[in-house]
Amino acid sequence: IRLLCPETYLAALAKTQGQKMQSKILTGNLTFKSLRPPDLSNCSKGELCEYFENSYDLNESLFTSLNDDSVFYKCPDRLRLPLIFYFCHTAVVYVNKLMLAGLIKERVNLEFETMFETGVDEMSWDDTENYRMGGSYKWPSLSSVVEYRRNVRNLVLKVIHDTPLDLPVTMESPWWAILMGIEHERIHLETSSVLIRQLPVEMVTKPKGWVYAPFKCGGRVEENPLISVETQDVTFGKPKDFPSYGWDNEYGEFSTRVPAFEASKFMITNGEYLEFVESGGYEDEKFWTEEGWKWKVYRQSKHPVFWVCNHGCKGGCGADLSKYSPCHFPNNGTNGVINGSLTNGHSREVINGGEKRTYMYRAMFDVLPLPADWPAEVNYHQARAFCAWKGFGFRLLTEAERNVIKGKKLETTQGIDGDIIYQKKPKANINLHYGSSTPVNMYPANELGYHDVFGNAWEWAEDHFNGLNGYSSHWYYDDFSSPCFDGRHNLILGGSWVSTGDEASKFARFAFRRHFIQHAGFRIARSLQLADKINVPARMVKDEVFVLGVGVEEKEIPDADEVEYKWVPTTNYHYSYDTEDSLYGIIELEFGFRDTFPHNVAQHCLSLQKKYQCGSKSALWLGSGAGRGPLELTNVFQNVLGVDYAARFIDAAQKLKNGKALSYKAGNGEQKTAVMSGDYQPDRAIFKQLTWIPNEICDHDMTIVTFMERTMNAKAWLARLWEVTVKSGLVVIVSETKEWNKDNLAQYFGNNLLFKEAQDLKYTSKKGEETLQITAWARR
């Protein structure tokens with residue numbers, strides 16, 4: 001009998017576990033080789049099919065790293081859902097988008113396409129855990145999710161085979177929905193990798209074919225000099241005719257003058273960041289913004305999330321892993337310190353707050369020696385604190401500056417060859433060439449002298465996330481970007497080692513809340529102007545965004561005394577519309593006159609309900625305003641759901657439902673009070689703030705739409721009306737203009753809704769008597 005040493009036994013066990021998981025969850029092939037995106041001006045169905053399958057395979061292959069079924073139901077981040085959600089979510093999005101595009105007529109599994117449709121976006125690091133993270137929430141079995149993914153794979157392949165391909169593929173083409181699903185899956189390949197990296201290391205195993213990069217390239221990176229750039233103009237944004245898929249926020253154009261600045265040659269390395277940590281930077285409040293310090297104290301953060309010490313630091317996992325600490329060193333073995341080719345790492349004992357700490361590094365599936373020359377992966381707060389520690393004037397790059405340091409070798413006029421993701425052998429750590437970061441000096445500098453302007457790790461920017469000039473959303477995914485144009489999300493640029501497809505494109509613009517964990521780092525910058533107040537070309541959102549349950553939070557302006565930023569309006573019309581003045585206007589419209597807008601609409605809809613004898617179980621009112629209209633329906637309908645995108649309106653509606661009076665300033669300046677009177681049953685009404693119509697909002701006997709003139713993308717709402725209304729139910733469209741008449745609406749409804757009647761309806765406003773146009777449609 002041959003006895004195996006512990007390391008050999010653990011390696012053999014890991015191999016067996018990996019093979020078992022592969023056979024359980026793969027509906028295609030195991031691969032970590034990512035293809036380049038297709039050229040949408042000159043591609044074949046075969047290429048599109050291959051790119052889709054590669055995306056699907058990559059995502060499933062990542063999940064083969066989980067050691068057993070139970071890990072799929074763990075929460076690696078207390079503010080994210082269990083991994084089973086993300087494993088199924090990407091397949092669900094294909095179905096939802098194909099339905100919108102009309103490429104399929106029937107769903108695969110409505111229960112799954114509701115349960116796995118919507119994730120969570122926490123407002124703050126101290127938000128309570130989502131109810132779906134608890135042990136009482138019943139997720140489907142892994143085998144049923146795998147079967148669903150297999151069915152969706154076959155469905156998409158059939159759609160690709162059956163759908164005529166007209167070139168070029170543009171955002172007006174139904175093929176855009178297929179590409180949207182593909183690129184969405186590639187986004188989740190990256191975000192799921194971040195979550196899996198936060199799991200207890202004992203729960204994962206490095207899959208076959210996953211390769212970490214070498215710890216160093218030549219000698220150690222001892223210096224990180226600043227390279228200066230002269231004042232110049234810069235223009236960025238993706239042309240609409242560029243032949244690749246793009247997310248809505250990439251399109252448009254922005255031009256600005258960028259004053260002279262200097263920026264570090266390399267991204268800040270773990271070795272550099274270690275100096276900040278060991279100097280006591282995590283214990284000194286003066287280096288942190290107010291928001292950043294609050295986050296640090298709450299999380300009890302002592303070092304970057306993917307560093308590992310041996311002092312049992314507080315972890316960030318959720319549910320039954322909430323007490324888990326990543327800060328303990330594993331025993332040597334499969335997930336312990338890897339020797340062999342990775343011998344150039346850095347384990348170092350430092351004194352931190354009076355304690356001696358040894359730091360190691362959590363790679364995707366193993367704890368390794370700390371790679372001093374890899375980029376430090378931190379959130380915005382941690383990056384900003386380092387900048388303050390470096391000295392006066394240091395900050396992060398702005399988006400405009402980062403577009404400058406990319407150089408001019410890749411111009412849009414070069415077609416797809418001008419985008420790095422299309423290059424056969426890009427000199428950058430992108431597209432899963434490695435399964436980790438690389439030394440910051442491994443790839444050559446560009447013509448300006450900067451390294452890693454593409455890939456390795458994302459770079460945090462000073463700018464708030466916002467659309468470019470000419471921004472518009474796509475109706476297949478109206479709220480992909482715009483909810484993040486709130487001043488609470490900062491840009492990340494450049495892509496990382498696991499960025500593939502559009503994420504690795506030179507046009508990519510993504511964003512996260514400032515406390516968010518990602519494969520993201522930073523480089524430092526400093527303006528070269530001589531002035532009392534430095535002009536920094538960072539675009540900051542100036543609008544005050546009202547958050548339901550919170551109100552308007554005061555904006556923190558880093559270095560406000562020394563820096564002048566560029567304050568711009570949000571390009572999310574919903575946010576700019578949702579003001580106190582708009583709230584006063586809607587309350588006056590609903591209560592300030594005798595024959596008010598919502599009262600007359602509600603009464604008209606009740607007469608339509610009688611006339612066409614539709615059911616009275618449930619009504620949906622989109623554009624519910626301050627709530628009077630939906631509340632007036634409660635004497636007939638057993639359940640009434642009022643939906644609006646405006647948080648102030650939903651806040652007012654909830655108060656009105658609870659019997660509270662609403663104070664407002666009328667158009668003439670007089671202070672007034674509004675309160676519901678008459679017969680209504682408030683317990684039958686629910687009000688929700690939504691930016692689109694999810695599948696959970698379904699099965700309504702009557703759907704009423706009254707905000708056509710104040711939505712950002714009306715088509716996105718119209719396209720879903722038939723599916724959320726029961727058969728033989730009514731859809732009622734209320735328009736303040738002649739734009740949304742029978743003929744214009746028919747093109748959006750197709751054969752799903754049958755026109756029944758049109759009628760003018762009078763109401764009174766501060767302008768006097770006005771006329772609405774109302775059309776009624778029956779669900780076929």
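Residue numbers run from 1 in the order of the sequence given. Values below: every heavy atom of this structure, side chains too, minus hydrogens, waters and symmetry copies.
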Self-check item: Tyr324 six-ring centre to Lys314 NZ/CZ under 6.0 Å and within 45° of normal
Solution: no
Exercise. Over all heavy atoms of both residues, which pair between Lys302 and Tyr359 is shortest? Give the atoms and the distance, please.
Key: O-OH, 4.4 Å
Quiz item: Are Asp366 and Lys206 within salt-bridge range, i.e. N to O under 4.0 Å?
Solution: no
Exercise. Would you give the length of the straight line joining atom CG of Asn429 to atom CG of Asp452, rounded to the nearest 0.5 angstrom?
Key: 7.5 Å
Quiz item: Between Lys24 and Asp69, does at least one N-O distance fall below 4.0 Å, as a salt bridge requires?
Solution: yes
Exercise. Step by step, work out the side chain to side chain donor-acceptor pair (under 3.5 Å) result for Arg220 and Asn441.
Key: CA-CA 9 Å; Arg220 275 285 311 278; Asn441 64 340; over 6 Å; no
Quiz item: Does NZ or CZ of Arg149 fall inside the cone over Phe87's six-membered ring, less than 6.0 Å from its centre and within 45° of the axis?
Solution: yes
Quiz prompt | Sub-6.0 Å ring centroid separation between Phe480 and Trp247 | solution = yes
Quiz prompt | Glu223 atom CD, neighbour heavy-atom count above 12 within 6.0 Å | solution = no
Exercise. Run the ring-centre check on Trp295 versus Tyr298 and record whether the distance is less than 6.0 Å.
Key: no
Quiz item: Hey, is Glu503 close enough to Arg509 for a salt bridge, meaning N to O under 4.0 Å?
Solution: no
Self-check item: Aromatic ring proximity His89/His184, centre distance under 6.0 Å
Solution: yes
Quiz item: Do NZ/NE/NH1/NH2 and the carboxylate oxygens of Asp57 and Arg153 come within less than 4.0 Å?
Solution: yes
Quiz item: Do you know which two heavy atoms are closest between Ser193 and Val498, and how far apart they sit?
Solution: OG-CG1, 3.9 Å
Quiz item: Do Asn379 and Phe516 come close enough that some side-chain heavy atom pair is under 4.5 Å?
Solution: no
Practice problem: Please examine the side chains of Thr438 and Cys217, heavy atoms only from C-beta on, and report whether any two atoms are closer than 4.5 Å. | Solution: no
Quiz item: Are Tyr361 and Val367 side-chain neighbours, meaning at least one heavy-atom pair lies under 4.5 Å?
Solution: no
Self-check item: Salt bridge Arg150-Glu147, side-chain N to carboxylate O under 4.0 Å
Solution: yes
Quiz item: Passes side chain to side chain donor-acceptor pair (under 3.5 Å), Asp373 versus Thr269? Steps please.
Solution: CA-CA 5 Å; Asp373 292 346; Thr269 64; 5.4 Å; no
Quiz prompt | Residue pair Pro207 / Ser61: nearest heavy atoms and the distance that separates them | solution = CG-O, 4.5 Å
